[in-house]
Amino acid sequence: MPPPASPSMPPEMVVHNRFLGFLIWQSIPSIVIFFLFKTLSSAVPFASPSAAKPPLTFPFSPSIFALFTFLTFHLSQVLFSFSLSLVSSPHPHRPASLLQLVLGLVRFLSIPGGPDWSDSPDSRARAKLSVGFLMFLGAAAVSGFVAVASVCGGFGDGVSAIGRVGFRGLVMGLLYGLYYVYNRRWVLEFPIIQRPPFFSFKMGLPSAITRSLKLSLVAYLFSAALLVFLPHHNQNQATTGKFIAEQIRLYTGSFLVLLCWELSHHLHRVLHTKRFVFAPPKGSAAAETNPSEILLAALEESRPSSLLQYLAYLDLCMVCENNVDAWRRAAFFEETGETYRRVISVCLRPLEQLASKLGEGLESSVENGSRISSQLLSPTDQRLDSKDSEPLNNFQLYAWCAWTAASLTACSHKEDRYGVSQISGSNAAVMSTLISCLLAVETYMGKKTTLQSANQFMGLTGFKLRNTSMANTSMSKKRASPLHSKAYAVADVLRNSIYQIVSAFHDQMASSAKKGFLEKDWIVRGKPPFGPRELLVQKLLLFLDFRAS
């Protein structure tokens, strides 16, 4: 478990301190790899078989050239690590296209002070991300040029050698940058199990070595193919043995540079996704009076979709799900109920936004007086583009919010001494939001959800329950798409969260359903984020009979 937050260090310094720590720690494996390679290359020089073997010397004998080579390599690693931190984000934003950037720049220059497509916060964030990607590609190319030239000895062999070796390093860096951006490796993925940083870093070493071997081979072949079209006169004068030795040295150096980058990427993810405890030390005055204020301030006042906000949601989720910090969870159920309402509010806000965004791209049903349309929407004719499905990419945040709200609501059954969860209406808000979000996701997946009249029901709660979800003709195609997999994962989390609450309050819910109070106690009186209120009640009855799937 990580140490608790220090009262003297504000939460805003968490990300800054982790960034500085990353820049320091990433230099250790890079320096070790550089020294090992220089030691082995001096012991076994890459030269022709007929050349005389020089005596074994330490790779860094006191000389200006040795110091210059080391500094250039180290600065190239710092440049790559800095650019890596620049584009990394826990939120999978959708970058703006190159055409949108050009049009926005033209409009800004032609109409100063006029309306611009970048006026909205979302457009500015996408444009900033795209510019960050371009800067990352440039930094990776420059870092590859300098690092490969430093490792492979290009700085000591003249301008022609520097250009030849550095060009291949530049191509390698550019290819790695494109691979990094295309595979969305810049998105910080939080591990399910929080381990100490040393063990988390050690577990990623085999995959980093394997990926470095594959990428170095691709970069070597591609850069060699491009090098054919460039004029280099020294290649014709070199002997076969020297040429083969140079290629071996170049491939080895490229592999070591990519290994340093992979280790930096893995270390960056380990350090930045480690849990931080947003709480004063146990036993202090702040812990006795208001231990939740630091966490709530980080959740409410931090920039949306920032790393600080994600760390706060992670800490909140672990407090509500586990019994390690039971004293912090008990502080949520204080007598006034204000802390509990604030916690539930920050958990439900992302889920409400998800239901609203998905509902904007779907056709909603039309209510005609007391008779409601039998079909909520027709997903067969829906064609959702990537913009409509973008909210589903933020699975980690939705999972934390659903788990936190459900766990806290279930724990309130035994730990809420003052009844603040029921009196404040938070239980109804949690259940309504979870069911509304589940209906929106299921509708996006292609399920037809129908409403049944009262005389069609009969069962445990006085109704006959029937699951009205059925697949349409396009379900087989949707299940094969990646978007359906994301929607299915979100729906599974929401479904399990609802079942967790139903299992904790099953007896009370069954009794309320028989008396006709279920809708009053567990469904909000206003308009839900998605779907009509009657549909939420029917869905809750399915969960109450453990028939929702």
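- Side-chain contact check for V87 versus V181: every heavy-atom pair is 4.5 Å or farther apart.
- A salt bridge does not link K515 with D521: none of the charged nitrogens is closer than 4.0 Å to a carboxylate oxygen.
- Taking 4.5 Å as the limit, some side-chain heavy atom of H268 sits within range of a side-chain heavy atom of L188.
- Legend: ring pair (Phe, Tyr, Trp, His ring centres under 6.0 Å) pairs involving residues 411-443, not counting sequence neighbours, sorted by first then second residue: H413-F505.
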**Request:** Start with the C-alpha distance between R329 and N322, add both sets of side-chain angles, then the distance that settles side chain to side chain donor-acceptor pair (under 3.5 Å), and finish with yes or no.
**Result:** CA-CA 9 Å; R329 187 173 62 205; N322 305 323; over 6 Å; no

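- Side-chain contact between Q77 and F34: absent, with no pair of heavy atoms (C-beta onward) separated by less than 4.5 Å.
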Please table the atom pairs, donor to acceptor, closer than 3.5 Å between any side-chain atom in residues 285-300 and protein atoms at least two apart or in another chain.
unit_1, atom_1, unit_2, atom_2, d
T289, OG1, A285, O, 3.0
T289, OG1, A286, O, 3.4
N290, ND2, E293, OE1, 3.3
E300, OE1, R342, NH2, 2.9
E300, OE2, R342, NE, 3.1

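- When each of I501, V502, V430, V537 is tested with W522 by the rule side-chain contact (heavy atoms from CB on, under 4.5 Å), just one qualifies, namely I501.
- Residues Y340 and F332 place their aromatic rings such that the two centres sit no closer than 6.0 Å.
- Side-chain contact, T336 with E338: no donor N or O sits under 3.5 Å from an acceptor N or O.
- For S81, the side-chain contact (heavy atoms from CB on, under 4.5 Å) partners two or more places apart in sequence, or in a different chain, are F22, L23, Q26, S264.
- Side chains of L314 and Q194 form a contact here, defined as non-hydrogen atoms less than 4.5 Å apart.
- Taking the six-membered ring for Trp and the full ring otherwise, the centers of H272 and Y310 sit at least 6.0 Å from each other.
- Ring to ring, F278 and F276 are close: their centroids are under 6.0 angstrom apart.
- Residues Y176 and W261 place their aromatic rings such that the two centres sit under 6.0 Å apart.
- Annotation: F190 is in aromatic contact with W400 [ring centroid separation under 6.0 Å].
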